[in-house]
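Heavy-atom basis, side chains included; hydrogens, waters and symmetry copies ignored.
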Amino acid sequence: MTLLLDGLKVRGKGLKVAANLRIESDDMSGQTSNTDAAHKGFKPKVLTVSLMIPYVDREHLPQLMGWAQATAPGGQRKTYRIVNDTAEAFGIRQVEFSDNLSAREDDSLAAWRVQFSLTEKLSTAERVETRRPSNLVKQQSAPGEAVASTATTTENSETPAAPAELTGFEAVLKRLDESLA
């Protein structure tokens, strides 16, 4: 099996790629035996790669670590185009290194056992979600007429009195109301 990241071959022996799709949901049954669940979306697919790098090919391990530590010009992790049969079967086109890259010495062979994870970037579910129109919040109102505020005026002056100062809690509620509107 072959694994290419941006056209560069990941070198090692016994390459194995496992794919994982996590479907997020919450139990809605409460204290009953109901089986209802709230669908919370599809999380990015993850590829777990394991391989063996012999000590005689020691230059492949630092090369792999360099790819894992690479960053894009903005400082975020580098995104790689992937070529692999398992990735293709899962519909994964772009990945970035995630979680960890581990290398441990093999007990019987003169080699490192290397394992790392690649997380899907710009997944199909993510692209669909960005194209989907957002749900607009409708302004709610109660039936009847709005109550007009009355300004108190003094007999000698025609300017309305200053509005009452809001308490701290009322100010927080006002900011929340304005941000929701």
Taking salt bridge (charged side-chain N to carboxylate O under 4.0 Å, His left out) as the cut-off, I'd like each qualifying pair that reaches into [range], sequence neighbours left out, listed once.
| range | value |
| --- | --- |
| residues 63-80 | D6-K78, R77-E96 |
| residues 47-56 | none |
| residues 98-110 | D106-R113 |

State plainly whether one hydrophobic cluster holds both [X] and [Y], where clusters connect Ile, Leu, Val, Met, Phe, Trp and Tyr through side-chain heavy atoms under 4.5 angstrom apart.
| X | Y | value |
| --- | --- | --- |
| L3 | L51 | yes |
| V83 | L8 | no |
| I53 | L101 | yes |
| V17 | V10 | yes |
| M65 | M52 | no |

Point-to-point distance, once rounded to the nearest 0.5 Å, from CG of N20 to NZ of K45: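 Separation between the atoms: 11.0 Å.
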Do you know which two heavy atoms are closest between [X] and [Y], and how far apart they sit?
| X | Y | answer |
| --- | --- | --- |
| T86 | A19 | CG2-CB, 3.8 Å |
| F116 | L64 | CE2-CD2, 3.6 Å |
| P54 | A111 | CA-CB, 3.6 Å |
| S117 | T48 | OG-OG1, 4.2 Å |

All pairs passing ring-ring contact (aromatic ring centres under 6.0 Å, His included) where residues 44-69 contributes a residue, at least two apart: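 Applying ring-ring contact (aromatic ring centres under 6.0 Å, His included) to every pair that reaches into residues 44-69, excluding sequence neighbours, yields Y55-W112.
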Pairs satisfying ring-ring contact (aromatic ring centres under 6.0 Å, His included), at least one member in residues 69-92, at least two apart: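 For residues 69-92, and leaving out neighbouring residues, the ring-ring contact (aromatic ring centres under 6.0 Å, His included) pairs sorted by first residue read Y80-F97.
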Report the residues that fulfil side chain to side chain donor-acceptor pair (under 3.5 Å) with [X], sequence neighbours left out, ordered by chain and then residue number.
| X | answer |
| --- | --- |
| Q94 | none |
| S98 | T119 |
| T167 | E170 |

Does any part of the side chain of [Y], heavy atoms only, come nearer than 4.5 Å to the side chain of [X], both counted from C-beta?
| X | Y | answer |
| --- | --- | --- |
| L4 | K9 | yes |
| L47 | I82 | yes |
| R11 | D57 | no |

Residues forming a salt bridge (charged side-chain N to carboxylate O under 4.0 Å, His left out) with D85, sequence neighbours excluded: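 Once residues adjacent in sequence are excluded, D85 has no partner under the salt bridge (charged side-chain N to carboxylate O under 4.0 Å, His left out) criterion.
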Pair up each side-chain donor or acceptor in residues 172-181 with any protein partner under 3.5 Å, not counting sequence neighbours, and list the distances.
unit_1: S179; atom_1: OG; unit_2: R175; atom_2: O; d: 3.4
unit_1: S179; atom_1: OG; unit_2: L176; atom_2: O; d: 2.8

Residue list, side chain to side chain contact (heavy atoms under 4.5 Å, CB included) with R22, at least two apart or on another chain: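 Per chain and number, R22 pairs via side chain to side chain contact (heavy atoms under 4.5 Å, CB included) with E24, K43.
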Under 3.5 Å donor-acceptor, N100 side chain and S102 backbone: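 The answer is no, because no donor-acceptor pair under 3.5 Å joins these two groups.
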Stepwise side chain to side chain contact (heavy atoms under 4.5 Å, CB included) check, L118 with I92: CA-CA 10 Å; L118 299 169; I92 300 172; over 6 Å; no
